[in-house]
Amino acid sequence: MDEFNKKEINNELRVMRFQVFDVECGNCVYKIKRALATLPDVVDINITPDFDNSKAVVILRYKGNLDKREIEEILKEISEESPYHEYKAVWE
């Protein structure tokens, strides 16, 4: 595969979908979205909360590579900012 085709593959828009647990309010959604937006190559973030069940579905659109461990680390960091939440990703 030539260098041009490698770049083309890395620039394709990709989608990652997962759930985050312990999401109880709009502030939780805001904190998660703000934190995920710091990841490189993230193009779009859609978070659909289900406050009755304390969770949210997250759909990330990104270019390049995105490691699940990066997302888990970001969720851990913002959980440490609040003694009331422990955000956990569940991969679909």
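- Within a 6.0 Å radius of CZ in Phe51, more than 12 heavy atoms belonging to other residues, nucleotides or ligands are found.
- Put simply, CD on Glu80 and CG on Leu75 are 11.5 Å apart, with the number rounded to the nearest 0.5 Å.
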Next on the checklist: Apply side-chain contact (heavy atoms from CB on, under 4.5 Å) to residues Val29 and Val23 and explain how you reach the verdict.
Outcome noted: CA-CA 7 Å; Val29 173; Val23 177; 3.9 Å; yes
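- Judged by distance alone, the side chain of Thr38 and the main-chain N or O of Ala35 form a donor-acceptor pair under 3.5 Å.
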Next on the checklist: With side-chain contact (heavy atoms from CB on, under 4.5 Å) as the criterion, how do Asn46 and Val58 come out once you've worked through the C-alpha distance, each side chain's angles and the decisive distance to 0.1 Å?
Outcome noted: CA-CA 6 Å; Asn46 184 306; Val58 178; over 6 Å; no
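- Expressed to the nearest 0.5 Å, how far CD of Glu72 lies from CH2 of Trp91 amounts to 5.5 Å.
- Between Leu66 and Ile71, some side-chain heavy-atom pair lies under the 4.5 Å cut-off.
- Of all non-hydrogen atoms in Ala56 and Pro49, the two that sit nearest each other are CB-CA, 3.8 Å.
- Between the side chain of Asp41 and the backbone N or O of Gly64, no donor-acceptor pair lies under 3.5 Å.
- Formation of a donor-acceptor pair under 3.5 Å by the Asp67 side chain with backbone atoms of Arg69 is found in this model.
- The one candidate from Arg61, Lys63, Lys33 that meets the salt bridge (charged side-chain N to carboxylate O under 4.0 Å, His left out) condition with Asp44 is Arg61.
- Side-chain contact check for Arg14 and Asn65: at least one donor-acceptor pair (N or O, by modelled atom type) lies under 3.5 Å.
- Residues Met16 and Phe21 do not share a hydrophobic cluster, clusters being chains of Ile/Leu/Val/Met/Phe/Trp/Tyr side chains in contact below 4.5 Å.
- Within the 3.5 Å criterion, the main-chain N or O of Glu24 finds no donor-acceptor partner in the side chain of Ser54.
- Other residues, nucleotides and ligands place more than 12 heavy atoms under 6.0 Å from the CD atom of Glu70.
- Panel note: side chain His85, backbone Asp22; a donor-acceptor pair is recorded below 3.5 Å.
- Nearest heavy-atom pair across Tyr62 and Val42 is CB-CA, 4.0 Å.
- Taking each heavy atom of Leu60 and Phe18 in turn, the nearest pair found is CD1-CE2, 4.0 Å.
- Looking only at side-chain heavy atoms (C-beta outward), Ile47 and Val57 stay at 4.5 Å or farther from each other.
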Next on the checklist: If you apply the rule side-chain contact (heavy atoms from CB on, under 4.5 Å), what do you find for Ser82 with Lys31, and how did you get there?
Outcome noted: CA-CA 10 Å; Ser82 172; Lys31 285 171 39 176; 3.5 Å; yes
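- Inter-residue side-chain proximity for Glu73 and Glu77 is flagged as met; some heavy-atom pair is nearer than 4.5 Å.
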